[in-house]
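Accompanying notes for the structure given below.
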Amino acid sequence: MPNNKNIFESIPFIDLKTQQSRIRDQIEKAIINVLDHNLYTMGPEVNKLENNLSLFAGTSHTLSCSSGTDALILAMMAKNVKPGDAVFVPAFTFVATAEAVALLGAIPFFVDVNPDTFNICEKNLEEAISIAKKKNLNPVGIIPVDLFGLPADYDSIHKIAKEQDLWVIADAAQSFGATYKDKPVGSLAELSCTSFFPAKPLGAYGDGGAVFTDNKEHMNIMESCRVHGQGEHKYENVRLGMTGRLDCIQAAVLLEKLKIFSDEIEKRNIVSKRYNELLKGKVQTQFVPDGYNSVWAIYTVKVENRDLLQKKLRENNIPNVVYYPIPLSEQKAYSHYPSTDIPVTKMLCNKVLSLPMHPYLTKELQEYICSYI
Ligand SMILES: *Cc1c(COP(=O)(O)O)cnc(C)c1O
C-alpha cells in the first residue's frame, strides 16, 4: 500500500493502468492469439466484436472501423451526403463532429446547446433550420452529440427531423454504454457512431470506432466504403471509400474490455453520484433528466472563477481539463461556416471544468479533490 501522500501526488485524470492490471493476463492472451493466427485486419476477432457490440447496443448490425471520426464519415457516406449539403451540429462539442461533415465537402451549421444538459438545444435547432432554408442551403441531416456521456433529447430531435425531412446520425463517441428511456445508445438513431479512442468509456489500445444500425442497406454501403468502395470483389471499386478498418489487435483488446464494461459502467455511476453529493451547493453539475442514464465519459462542472480554481487544483496535483474552451464556430478552420447565435456555448466555454473521472476513482480521492472546490 502506498502512503496517502503518494496517492495524492499522482492522481490520474483517467486511470487506464488500474483497468489494465485487472485484465492484463486476458489482454496478453488475446493479443498473442492474433499474433498466432496471423490475420491482422479482418480476422475472427473483428467479426466477433461486431456481434457482441450489436448485442450490447440492441441493433441488428455493427460496423467496426478505424476511429470515431471515420465512423461519422462512413455513416454520412451511407446517407449519400454530398458537397454543399448542410448538416446541423452543436457548437459545443469535440471538433470531429463538424470535421467529418466538412471533410465530405458538406456544410456544418452550428447550433447552440442547453445550459444544463450541454446537449443540442431543440429550439435553437428549429431556428437554425429556418435560417438555413432562408439562405437557400440544402439541409439534409442533424448530428446530435451525447456530450460527456449523456444522451441528447432524441424524442424531440426525431420529431423535428421528421417534420423537416432530415436524417439523424447520433455522435455517440462519448456515450456508448449509456441509455435513454430504457433504450441503449446505439439504438437511438438510424445510424449511431462511437469511438474506441483509449480515453473513451470503452477504449482500445489505439484508435477505433463503430457505427450501429438496423438498416441492412446502410450497412452494405458502409462495408463497401470501409474498404475503398469495394464492389463484388476486392479489386472492383463502385464508389469512393477509405481505409476504414478496425485492426484485429484492437478488436481483441476490446473484446476483453467489453466483458467488464457493464461492471465499469456501474462503478462510473457510483463515482459520479459521489461527486454530485460532494459538490452539492458548491458548483453546478451536468443535469441528467429523468429517464436518462449517462455513462460519465467526462465529469464536468460549471464554475465562476475557473482560472483561480484551476490554479488551486494544479498546485495540489489534481488534474483538470477544459472541455471545450472555444466554440467550434469560432475556431479558425470553422469560422466561415454558418451558425446561430450561441450565447450558451460561449458561457459554457468560459465556465466548464472537467475533473478526474474513471471507474476506479476512490471515495478518499474524490473527497480530496472536492475539498479544493
Ligand atoms: C472522440 C470524439 C469523436 C472522434 O472520435 P475519434 O475516435 O477520436 O476519431 C467524435 N465526436 C466526439 C463528440 C468525440 O468526443
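Both ligands and their constituent atoms are indexed starting at 1 by order of listing.
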Asp70 N/O under 3.5 Å from ligand 1 N/O: no

Test applied, side-chain hydrogen bond (donor to acceptor under 3.5 Å, both in side chains); reference residue, Thr345; option that passes from Thr340, Asp112, Thr93: Asp112

Residue pair Asp155, Asp153: steps toward the side chain to side chain contact (heavy atoms under 4.5 Å, CB included) verdict: CA-CA 6 Å; Asp155 282 351; Asp153 183 355; 4.1 Å; yes

Glu264 versus Tyr360, side-chain donor and acceptor atoms under 3.5 Å: yes

Ile342 CD1 to Phe110 CZ distance, which is reported to the nearest 0.5 Å: 9.0 Å

Aromatic ring pairing Phe56/Phe261, orientation class (parallel under 30°, perpendicular over 60°, tilted between): tilted

The one among Gly209, Ala96, Ser195 that brings a heavy atom closest to atom 7 (O) of ligand 1: Ser195

Under 3.5 Å: N/O of Gln174 near N/O of ligand 1: yes

Ligand 1 contact by Thr93, heavy-atom criterion under 4.0 angstrom: yes

Contact (N/O only, under 3.5 Å) between Gly68 and ligand 1: yes

Sub-4.0 Å atoms of ligand 1 with respect to non-hydrogen atoms of Ser67: 7 (O), 9 (O)

Salt bridge Lys273-Glu277, side-chain N to carboxylate O under 4.0 Å: no

cation_pi(Lys200, Phe94) dist<6.0 Å, angle<=45: yes

Contact check: Tyr324 vs ligand 1, nitrogen or oxygen atoms, below 3.5 angstrom: no

Plane angle bin for Tyr372 and Tyr368 - parallel if under 30°, tilted between 30 and 60°, otherwise perpendicular: perpendicular

Tyr299 and Asn276: side chain donor to acceptor below 3.5 Å: yes

Part of Thr69 within contact of ligand 1 (heavy atoms, under 4.0 Å): both

Closest to atom 12 (C) of ligand 1 (judged by heavy-atom distance), picking from Ala173, Ala172, Ala100: Ala173

For atom 11 (N) of ligand 1, the protein heavy atom that lies nearest, with its residue and separation: Asp171 OD2, 2.8 Å

Atoms of ligand 1, numbered as shown, that sit under 4.0 Å from any heavy atom of Thr97: 11 (N)

Protein contact of atom 14 (C) of ligand 1 - nearest heavy atom, named by residue and atom, plus distance: Lys200 NZ, 2.9 Å

Numbering as shown, the atoms of ligand 1 that approach Val145 to under 4.0 Å (heavy-atom distance): 13 (C)

